[in-house]
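Notes to accompany the following structure.
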There are 2 protein chains.
Amino acid sequence: MDKKLGKVLVVDDEKDIIQIVKYNLELHGYEVDTAENGVDAISKLKTFKPDLMLLDIMMPHKDGIQTCIEIRANPEYDDILIIFLTALSDEKSEIRGLELGADDYISKPIKPKLLVSRIHSAFRRLSKDDAKTIIFPNLEINREKFMVTHNAKEILLPRKEFELFALLASKPGRVFLRNEILEKIWGSDVIVGDRTIDVHIRKIRQKLDADYIQTVKGVGYKFEI
Amino acid sequence: MDKKLGKVLVVDDEKDIIQIVKYNLELHGYEVDTAENGVDAISKLKTFKPDLMLLDIMMPHKDGIQTCIEIRANPEYDDILIIFLTALSDEKSEIRGLELGADDYISKPIKPKLLVSRIHSAFRRLSKDDAKTIIFPNLEINREKFMVTHNAKEILLPRKEFELFALLASKPGRVFLRNEILEKIWGSDVIVGDRTIDVHIRKIRQKLDADYIQTVKGVGYKFEI
DNA sequence: CTAACTTCTTATCCATTTCGGAATTTTTAC
DNA sequence: GTAAAAATTCCGAAATGGATAAGAAGTTAG
């Protein structure tokens, strides 16, 4: 079976465009799903869980800009890569798009080679970020070596604690909801109580004598230097 | 049966070229498979597992440059040698190609003698790197001789133990997951229980009285001086 | 071909670590 | 001040890997 490079959701109201894009991406090993407008797209997020979205800006039923805003506002989806598609001249939108947290920008008419290479490089950026060691002053979290170094002292955390800490540290300042944490560390199928998270948080705090983890009552936890 | 010197994947969209190259390489004892474009090539990596690729730059469906980038980005394949084939004048590509981690560069039209000699020398470089003994203070692991020298004392490890030890030592500090170990030492098709790894680890520890192998509970093992 | 030996794998038992939950106290938000 | 949420403590359960032994499987020597 073909190993899939990643999942891409293509959102455009023009069927021709969708066809072309879908064809080219699948040829290069991506798994593709499509949507015809913003509403449609958002409803497909839950089931398809794309890694990247190609988002046309001009669309009926919620345009690309609006869709992007909504996705970025939802912590569950805010690590999806977003690349805008737009008419060549539309410079204003480009600027706005990038401000809104889009990751790249491709002008129509679409040139398949360019498209694919942009998407590749977007994914490459993503995977790099993912694998790398997370580094802060006095604190290093090495996913590969499964090790935390704090003030030049190596600290060995058990698996769950490590994963939890690495998760929080992966986006400093961002609050992770308890649900989200359960989902990502324990998986959606495992059922554990809320107190369990507390206990793990506490153990981490204990082992690193500095407190990098902040509690946001009623919401979740965040990592902060 | 002829002893094969190595596996070469020839990627070019011109059938004539493929013919010539394939003929010459097989004549000199290489095992050859072919692909007509980048997409095709990448999909053959999994099954053919080449040691070296001859990669044409100008191709439809993913050009050589792009293909090279993708291969280099994948740790599973990043030790494959890559030699670009290109039209004589195409100087820009040459520079770019070498930047991207290509190992050599051959201009068309292809002269069979030159081709073969370049490939020979590429393999020579590879085998040097590969046979490289892993050396630490007081510890030497010689892949070629299947031998471990610890404090000037030669230690003979059985095959599995040796391979396991060499694997871990190949990336000191990095944790190898149990799955990963099974995959690399036993292969994806063989089914052995998890305990088997433990036992081998234990035997290695026993034979080298110093403990270079650390357990990371729930995750795997790593080598550490 | 057989016997002796080595290597590989599985099974079993055991110690330890890690995990998750309950109860209680403390903190926080309103 | 009150109620809800989180911190803390403690404990039993479960998971995990280490140790040992023993049986397969593979090798080698005679």
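These numbers were taken from a predicted model, which means no experiment stands behind them. Residue numbers start from 1 in every chain, and the chains themselves are labelled A, B, ... in the order their sequence lines are given, proteins ahead of strands.
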Rounded distance (Å) that lies between atom P of C:dC19 and atom CG of A:L157: 10 Å
If you only use heavy atoms from C-beta on, which nucleotide in D:dA7, C:dC8, D:dT8 is closest to the side chain of A:Y221? D:dA7
Integer-rounded Å distance: D:dA19 P and B:I204 CD1: 13 Å
Regarding C:dT18, can its base be found pairing with the side chain of B:K217 as donor and acceptor, where the two atoms are less than 3.5 Å apart? no
Is any side-chain N or O of B:R195 closer than 4.0 Å to OP1 or OP2 of D:dG18? no
Among C:dC8, D:dG17, C:dT18, which nucleotide sits nearest the side chain of B:P158? C:dC8
Take the protein atom CG of B:D198 and the nucleotide atom P of C:dA15, then report the distance between them rounded to whole Å. 17 Å
Ignoring backbone atoms, establish whether A:T215 has a side-chain N or O less than 4.0 Å from OP1 or OP2 of C:dT28. no
What pair of heavy atoms forms the shortest contact from B:S170 to B:F176, and how long is it? OG-CZ, 4.3 Å
Across the strands shown, which category fits B:I191 at heavy-atom distances under 4.0 angstrom: base, sugar-phosphate, nothing? sugar-phosphate
Given that B:V219 and A:V216 both sit by DNA chain D, which one's nearest nucleotide is further toward the 5' end? A:V216
In whole angstrom, give the distance that lies between atom CG of B:L156 and atom C1' of C:dC5. 15 Å
Between A:R159 (CZ) and C:dT16 (P), how many Å, whole number? 21 Å
State, to 0.1 Å, how close A:L167 and A:R143 come at their nearest heavy-atom pair, and which atoms those are. N-NH2, 4.3 Å
Given DNA chain C, 5'-ward residue of the pair A:W186 and B:T196, judged by closest heavy atom: B:T196
Would you check if B:L52 and B:Y30 make a side-chain contact, meaning some heavy-atom pair closer than 4.5 Å? no
Distance check: side-chain N/O of B:R178 vs OP1/OP2 of D:dT16, anything under 4.0 Å? no
For atom NZ of A:K160 and atom C1' of D:dA14, their distance in whole Å: 12 Å
In whole angstrom, give the distance that lies between atom NZ of B:K203 and atom P of D:dA22. 14 Å
Any ion pair linking A:E144 and B:R174 (charged N to carboxylate O, less than 4.0 Å)? yes
Per A:R202 side chain, nearest of listed nucleotides D:dT9, D:dA19, C:dC19: D:dT9
Contacts satisfying ring pair (Phe, Tyr, Trp, His ring centres under 6.0 Å) that involve residues 189-220 of chain A (not counting sequence neighbours) are A:H150-A:Y212, A:W186-A:H200, A:Y212-A:F223
Just checking B:H200: base, sugar-phosphate only, or nothing, at a heavy-atom cut-off of under 4.0 Å? base
Can you check the B:I181 CD1 to C:dT9 C1' distance for me, whole Å? 16 Å
